[in-house]
Amino acid sequence: RNQLSSGNKLQWTGIGTLSRGLSGETKFEPDTETISPALAIPAVKVLRENAEHTVRVGEDQKTSVEMRELLHTTDDGKKSLWWVVALVIAILSLIFIGYHFSTKGLTTSAASNQKKLVPEESR
């Protein structure tokens, strides 16, 4: 402002020139030879972490804060160990099956009932 009020021209490289007019107004003369409609303009994506906006969920509208609270899981550092129990049961089952077939043999009769069924005689 000081340079403009003293009558100096301010050159803005690649954009244009700022100068003071006769009546005291600020004039801008664009640098037309460097500005091109085909010139690429870089865009910077702005991410706002805690910005609140509305989100459509089905037929309802909720805020992003409500959805974050709804989807937030509270495991408090406790890890689920259900897969360990399932793995132990599977290993014990395989051991039992292996032991059974090793003692009875690997035949169809080893997996079936060995007792013969005899029907009772009617009285």
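Side chains are part of it too, since the values below use all heavy atoms of this structure and drop only hydrogens, waters and symmetry mates. Because the structure is predicted, anything quoted here is derived from the model rather than measured.
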Chemist: Excluding sequence neighbours, so at least two apart, what forms side chain to side chain contact (heavy atoms under 4.5 Å, CB included) with Leu92?
Modeler: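 Result, side chain to side chain contact (heavy atoms under 4.5 Å, CB included) vs Leu92: Val88.
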
Chemist: Tell me, please, which residues at least two apart from Thr17 pass side-chain hydrogen bond (donor to acceptor under 3.5 Å, both in side chains).
Modeler: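 Gln11.
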
Chemist: Partners of Arg48 by side chain to side chain contact (heavy atoms under 4.5 Å, CB included), sequence neighbours excluded?
Modeler: Val46, Ala51

Chemist: Kindly compute the distance separating CG (Leu10) from OG1 (Thr26), expressed to the nearest 0.5 Å.
Modeler: 10.5 Å

Chemist: Side chains of residues 95-106: which donor-acceptor pairs under 3.5 Å do they make with residues two or more places apart or in other chains?
Modeler:
{"residue": "His100", "atom": "NE2", "partner": "Ala110", "partner atom": "O", "Å": "2.9"}
{"residue": "Ser102", "atom": "OG", "partner": "Gly98", "partner atom": "O", "Å": "3.3"}
{"residue": "Ser102", "atom": "OG", "partner": "Tyr99", "partner atom": "O", "Å": "2.8"}
{"residue": "Thr103", "atom": "OG1", "partner": "Tyr99", "partner atom": "O", "Å": "3.2"}
{"residue": "Thr103", "atom": "OG1", "partner": "His100", "partner atom": "O", "Å": "3.1"}

Chemist: With a 3.5 Å cut-off and sequence neighbours excluded, list the donor-acceptor pairs that the side chains of residues 52-61 form with protein atoms.
Modeler:
none

Chemist: Are Leu81 and Val85 grouped together when hydrophobic residues (ILVMFWY) are joined by side-chain heavy atoms under 4.5 angstrom apart?
Modeler: no

Chemist: How many angstroms lie between CG in Leu18 and CD in Glu29, if you round to the nearest 0.5 Å?
Modeler: 9.5 Å

Chemist: Got a second to check how far Met67's CE is from Glu69's CD, nearest 0.5 Å?
Modeler: 11.0 Å

Chemist: Could you tell me which residues satisfy side chain to side chain contact (heavy atoms under 4.5 Å, CB included) with Leu47, sequence neighbours excluded, listed by chain and number?
Modeler: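 Testing Leu47 for side chain to side chain contact (heavy atoms under 4.5 Å, CB included), a comparison that skips the adjacent residues, returns Lys45.
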
